[in-house]
Enquirer: 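Okay, here's the structure, questions in a sec.
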Amino acid sequence: MPLNLTRQILKEHLEDGELKPGKPISIRMDQALLQDATGTMALMQFEELGEPRIKIERAVQYVDHNVVQLDYKNPDDHRMLQALARKYGLHFSRPGNGISHYIHMERFGKPGQTMLGADSHTVQAGCLGMIAIGAGGLDVAVVLGGHPYEIACPEVVEVHLDGELQRPWVQAKDIILELLRRLSASGGKNKVFEFTGPGTADLSIPERATIANMIAELGATAAVFPPDENTRKWLERQDRLDDFVEVGPEDGAEYDDRVEIDLGELGPLVAKPHNPDNVVPVEEVAGTEISQVCIGSSVNSGFNDLALAGAILADKDGQIVHPSIAATATPGSRQILAAIAESGVYRQLSDGGVRMLEPVCGPCVGMGQAPPSDSNSLRTFNRNFPGRSGTPEDSVFLCSPAVAAVSLLSGRIEDPREYGEPPELLPMPELKPYVDDVHIFAPAEPEEAEKIEIPRGPNIKRPPEHKPLGDSLEACIATVQPDDISTGDLAPDGVEVMAFRSNVPAIAEFTLRHRDPDFRGRLKEWGSGFIVAGENYGQGSSREHAALAPLHLGVKAVIAKSFARIHRRNLIAQGIVALTFSDESDYDKAEVGQKWSLPKLHEELESGSETITAKIEDGDELTLSHDFSEHEREILLAGGLLSYLRDGEG
Ligand code: MIC
């Protein structure tokens, strides 16, 4: 059977298992990506593995998330990360270089390779034809140690793009918003989306990057854009022609499923609060008053994204950012910053009244630029989960740079097709002068590395211990949560909370603070507890703090209608049992404070039973399910992935 590209890459990297959708497979990883907010825990867990150096072709530690230096906490993390990277063999990208995903696409992504990253948007690198997957820090640590990564073999969905986008008013962002509209935030679970067709060939690499990045919002495993002439040209401009590899789907390649989009039919779309899949045509929200417009983030921070807003502001005399709104623009990387500065785009934006931000994640993760109370914010970002902007009762709309650019002028959401004649963009200057890696530091040589001492500040605490599972579990239900709880509900975004990413006891104090403020108090009183939740529990980011913090508070099991892929795995890796209801209506039986037990858990996991028996204190018995692989059952029995590997069972 002719193979699609995803299958070919998986086959070439397969260490164990069978390439049958749903079956567990272990994949060898060529590269790893870490960022500072997840990297501290990942590298401290790597230290626990006791390996002297990483055993992977290329790993890069970026600093782009926790860059607000309000006090010593974030800078202490960065200093530790730089030393850890130097010692253990990772490259280190200094703060100010840009957003990890954007730089990785510029400098390191390679067609045909695999990558695991401690960030859900690692998938962005799929724009260059690699399989790049987001994961929790511990899984990345284990991959750095030379182990393969285990996942359920994904289905491969062909996304066939026909026709042409009506640029500049309809953009790549609208393609991914359309996929979200059709398939929903959980519609990509255990799937890789491989893009084909003439509409795909027409997309630039940054446009593909926007789509690949936000494939994470579908809960998908990865996105793959088979490399082509555009990929070759991109790598050539980056002085990396040698990294180009001619791979692609075989003629007549088969896929497990297919989605078709006619780009000519597509109009501008907007995701309304509070989920990226809450997508409507722009007409439906046009006229909505806004207090803020933010352009940039790991998506839509390329040259053309910023140049369009600049050109609109410079298009007619007196056209400025409307006085009732605040606007920001973020370039994706130092290269883009240099390009907008040299071309004149920076000046257009700044003269027009846009606040120019440094190339970091910034407002996308609530690092500043929180919107005012009771107002709407329009952003070209990838997520709009409640409170993510830093304002608890926020109302964030996601859109393309075209919608954002025209809305700057009126202070209301506008349909860009009504703007009239599109303005001319300033041309992008030659990239050559900016392509260098002087700010990406290579690791130390092994002899020097041995002597490097790791500096740790007072906010840096070692990762929690894993304890082997007992025969059974018994605990009270500590909270009952609805569908679509995001990892941001469990470990919130923003300057205040994210500064505790290397301090699990401290970050645990913020768990579910908006959803259930008494949750922590209950757990402290009881010492342990279970979480009950609806569908798609743990959607969104890869932050394993959403598992580490509950673990610290005493959460032993989460019983949900369904889990998002990365968070499910993070729970297991940290030794928290992630179970589902065999009969979803049993969810309604759960009440806070009620005692539930899993009386035969150890035996059932050990024997490979497909179901787990649960009892409610009043005598009701129910059946729970799981989809643990054999390894995952062993990991849970050992109390977590670290103890599983340390005890030599891996
Ligand atoms: C995100 O976009 O949600 C983040 C912040 O990049 C996270 C990583 C983190 O929480 O540090 C992600 O996507 O995994």
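Quantities reported herein were computed from a predicted structural model and do not represent experimental measurements. Start at 1 and go down the list; that is how both ligands and their atoms are numbered.
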Enquirer: Working note: E57 + K110, criterion salt bridge (charged side-chain N to carboxylate O under 4.0 Å, His left out); need CA distance, chi angles, decisive distance, verdict.
Expert: CA-CA 12 Å; E57 183 180 315; K110 274 195 200 177; 3.7 Å; yes
Enquirer: Could you list the atoms of ligand 1 found under 4.0 angstrom from a heavy atom of A37?
Expert: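 Those atoms are 11 (O).
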Enquirer: Nearest to atom 8 (C) of ligand 1, what protein heavy atom do you find, and at what distance?
Expert: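 Residue, atom and distance for the closest contact: Q35 NE2, 3.2 Å.
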Enquirer: Identify, for atom 13 (O) of ligand 1, the protein heavy atom at the shortest distance, and state residue, atom and that distance.
Expert: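 Of the protein heavy atoms, S120 OG, 2.5 Å lies nearest.
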Enquirer: So if I count the atoms of ligand 1 from 1 in the order they appear, which ones are less than 4.0 Å from some heavy atom of S542?
Expert: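 Under 4.0 Å from S542, ligand 1 has these atoms: 12 (C), 14 (O).
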Enquirer: Rounded to the nearest 0.5 Å, what's the gap from NE2 on H78 to CD on Q61? Could you check?
Expert: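 The CD atom of Q61 is 9.0 Å from NE2 of H78, to the nearest 0.5 Å.
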Enquirer: Looking at atom 7 (C) of ligand 1, what's its closest protein heavy atom, distance included?
Expert: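 The answer is S541 CB, 3.2 Å.
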Enquirer: Can you establish whether the number of heavy atoms outside R462 located under 6.0 Å from its atom CZ is more than 12?
Expert: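 Correct, the count exceeds 12.
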Enquirer: For ligand 1, which atoms have a heavy atom of T38 less than 4.0 angstrom away?
Expert: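 With T38 as reference, the close atoms of ligand 1 come out as 9 (C), 11 (O).
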Enquirer: Between K189 and F563 (side chain of the first, backbone of the second, donor and acceptor by atom type, cut-off under 3.5 Å), is there such a pair?
Expert: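 The answer is yes, because a donor-acceptor pair under 3.5 Å joins these two groups.
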Enquirer: Identify which of R388, R543, H65 has a heavy atom lying nearest to atom 2 (O) of ligand 1.
Expert: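 Selected option, by shortest heavy-atom distance: R388.
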Enquirer: Checking a contact table here: which protein heavy atom is nearest atom 1 (C) of ligand 1, and how many Å away?
Expert: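 Nearest protein contact, heavy atoms only, for atom 1 (C) of ligand 1 is R383 NH1, 3.2 Å.
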Enquirer: Do Q335 and F303 come close enough that some side-chain heavy atom pair is under 4.5 Å?
Expert: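 Not touching, per the 4.5 Å side-chain cut-off.
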Enquirer: Please determine whether a side-chain nitrogen of the Lys or Arg among K173 and E207 lies less than 4.0 Å from a carboxylate oxygen of the Asp or Glu.
Expert: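 Salt bridge between K173 and E207, a charged N being under 4.0 Å from a carboxylate O: no.
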Enquirer: Let me see the working for R383 and D493 under salt bridge (charged side-chain N to carboxylate O under 4.0 Å, His left out), right down to the final yes or no.
Expert: CA-CA 11 Å; R383 291 190 171 144; D493 300 85; over 6 Å; no
Enquirer: Tell me: protein heavy atom nearest atom 5 (C) of ligand 1, and distance?
Expert: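 Here the nearest protein heavy atom works out to V365 CG1, 3.2 Å.
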